[in-house]
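Let me begin by presenting the structure, written as structure tokens, before commenting on it.
These values consider heavy atoms only, across backbone and side chains, with no hydrogens, waters or symmetry-generated copies. First listed ligand is number 1; within each ligand, the first listed atom is number 1.
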Amino acid sequence: MKLLTILGATGSIGCSTLDIVARHPEQYSVYALAANRNVDKMLDLCREHNPRYAVMSDEASAAALAAALGGTGCEVLAGEAGLAEVAAAAEVDTVVAAIVGAAGLLPTLAAVRAGKRVLLANKESLVMAGALFMEEVRRHGAELMPVDSEHNAIFQCLPDGAIGRAAAALGVQRIILTGSGGPLRDIDLAEFERVTPEQACAHPNWDMGPKISVDSATMMNKGLEMIEACWLFAVDADDIEILLHRQSIVHSLVSYRDGSVIAQLGNPDMRTPIANALAWPERIDSGVEPLNLLQVSQLDFTLADETRYPCIALARQAWQRGGTCMAVLNAANEIAVERFLQGSIGFNDIASTIDEVMQRTECGPANDLQQILEADRAARRLAGAVIEARS
Ligand code: NDP
């Protein structure tokens with residue numbers, strides 16, 4: 001029986017994970033669930049999955065949940081200390097890192113430092129602190145399992161033990177990251193400035209939380225994934241090709257020196273990569289329909305146009321500048337997406353805000369957490385000021 005902590009339990013990835021767990025009660029059991037402030041959803045999940053601990057991000061939400069759960073035996077914790085405690089608890093085997101954004105960094109690192117199997121959905125933590133993160137994985141013997149469908153696909157196309165090892169040493173020539181092109185792929189570029197949050201969140205193939213849905217519309221998601229792949233598979237951004245693939249069936253590919261190209265295919269449902277990361281090297285039922293290639297019939301690939309999607313170029317630039325520049329990119333993006341979702345800036349302002357923040361920031365080394373967190377805070381302040389000045 002494996003005991004799990006699920007960080008971001010109330011979200012899209014958290015719920016997909018719990019769906020798989022419920023299919024295998026003899027193999028997996030929930031030790032802790034954690035969320036931000038969604039007390040109602042957390043209450044439902046606790047009643048259904050009986051965790052020993054539940055964690056909310058603030059005291060008021062934790063008190064409300066504790067009152068509602070009274071007498072069930074589930075202990076409710078609050079804040080960063082509570083998250084770190086359930087991520088690193090000795091009893092826990094596997095931690096699912098599915099908090100959205102930079103808030104996921106510290107608890108995910110706590111799980112890494114406790115040497116857990118870490119199912120990484122929270123790509124932002126690797127983008128912000130990749131060098132330090134991967135060093136901590138090595139030092140503490142954590143088992144890092146990519147959950148992002150593209151990175152899980154690449155993981156499945158590489159030999160065992162490939163995480164953190166130079167892909168070139170494994171005969172890899174390049175990595176091909178696929179992306180659907182998001183909800184705006186067929187919309188005229190001239191229309192982008194009028195795109196609403198509802199349009200940007202209406203992804204044609206995937207059902208995801210609002211932040212990653214907007215990232216998919218701007219294709220910053222692919223930029224973040226490019227950086228994530230650089231850290232996970234020890235490659236340079238120049239070794240990664242981004243292709244648009246509107247069917248979302250081929251989740252990514254690895255091209256080898258001998259001319260072989262290995263791809264992973266499946267229906268677009270996050271339960272496949274989550275189940276893979278959870279059970280590896282075994283394979284378990286995920287509840288996902290088997291792929292019917294006759295029904296799919298056609299697989300299209302085109303180059304991603306970086307004029308249409310400037311966020312990809314901004315991510316490439318952040319990787320090339322290195323150090324804290326990736327934390328700056330991530331923080332500016334989080335603020336811009338939040339303001340777009342609130343309706344206070346337009347769709348095109350997301351990329352231009354990030355661009356301005358990056359141009360006005362002198363990035364430094366990212367050797368320790370303090371440098372990274374300070375760069376994150378400064379970039380958030382600057383992004384807020386840029387948006388304020390423009391309005
Ligand atoms: P959602 O918005 O659906 O869920 C986010 C989760 O994080 C919720 O449980 C939320 O709690 C919790 N959360 C937010 N802020 C905090 C905080 N400060 N402290 C504790 N918990 C917090 O996001 P997704 O599930 O879509 O995405 C989660 C992560 O997985 C992201 O990093 C995303 O990029 C990545 N990912 C997602 C994919 C998908 O298909 N959804 C695919 C690949 C990667 P609450 O409900 O209380 O707000």
Side-chain angles (χ1 to χ4, degrees), residues 5-19 32-46 54-62 64-65 77-87 95-108 110 118-128 145-153 177-180 182 201 203-218 220-225 227-229 232 248 251-252 267-274 276-277 288 330 333-334 337-338 341 376:
T5 283
I6 303 178
L7 307 171
T10 49
S12 158
I13 294 288
C15 290
S16 292
T17 306
L18 286 166
D19 179 273
L33 297 176
N36 191 16
R37 298 199 178 94
N38 192 342
V39 174
D40 290 346
K41 185 134 185 208
M42 191 64 148
L43 182 60
D44 290 345
L45 295 179
C46 289
V55 187
M56 302 302 293
S57 68
D58 61 37
E59 296 286 349
S61 309
L65 181 65
L77 309 175
E80 276 178 13
L83 287 172
E85 187 178 328
V86 297
V95 175
V96 181
I99 290 176
V100 63
L105 176 62
L106 295 179
T108 306
V118 177
L119 270 54
L120 186 74
N122 175 244
K123 64 192 87 183
E124 294 92 343
S125 54
L126 207 49
V127 168
M128 291 172 74
M145 302 295 297
V147 162
D148 224 339
S149 60
E150 295 77 2
H151 304 76
N152 183 266
L177 269 185
T178 57
S180 68
C201 287
H203 199 286
N205 305 352
W206 297 97
D207 184 11
M208 308 184 288
K211 192 260 179 184
I212 185 175
S213 295
V214 177
D215 284 349
S216 298
T218 60
M220 176 58 89
N221 188 42
K222 226 30 73 180
L224 299 178
E225 286 176 4
I227 297 175
E228 184 185 9
L232 283 172
S248 295
H251 298 302
S252 276
N267 282 319
D269 187 322
M270 285 307 293
R271 290 176 299 174
T272 295
I274 295 168
N276 177 267
V288 177
N330 181 67
N333 181 53
E334 284 191 27
V337 170
E338 184 185 286
L341 284 168
D376 172 85

Determine whether D215 and N333 satisfy the following criterion, side chain to side chain donor-acceptor pair (under 3.5 Å), listing intermediate values before the conclusion. CA-CA 9 Å; D215 284 349; N333 181 53; 3.0 Å; yes
Just do the side chain to side chain donor-acceptor pair (under 3.5 Å) check on S180 and N205 with the steps written out, would you? CA-CA 8 Å; S180 68; N205 305 352; 4.5 Å; no
E338: which residues meet the salt bridge (charged side-chain N to carboxylate O under 4.0 Å, His left out) condition with it, sequence neighbours left out?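 So E338 forms no salt bridge (charged side-chain N to carboxylate O under 4.0 Å, His left out) with any residue.
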Contacts of type salt bridge (charged side-chain N to carboxylate O under 4.0 Å, His left out), residue D58, not counting sequence neighbours: R37
For ligand 1, list the protein residues that place a heavy atom within a distance below 4.0 Å of one of its atoms, sorted by chain and number.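 Within 4.0 Å of ligand 1, the protein residues are G8, A9, T10, G11, S12, I13, A35, N36, R37, N38, S57, A98, I99, V100, A103, A121, N122, K123, E124, D148, M208, G209, P210, I212, M270.
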Report the C-alpha separation of E150 and K123 in whole Å, then their side-chain angles, then the decisive distance to 0.1 Å, and conclude whether the salt bridge (Lys or Arg N to Asp or Glu O under 4.0 Å) test is met. CA-CA 12 Å; E150 295 77 2; K123 64 192 87 183; 5.6 Å; no
List for me each residue that meets ring-ring contact (aromatic ring centres under 6.0 Å, His included) alongside H251, sequence neighbours excluded, and say none if there are none. W206
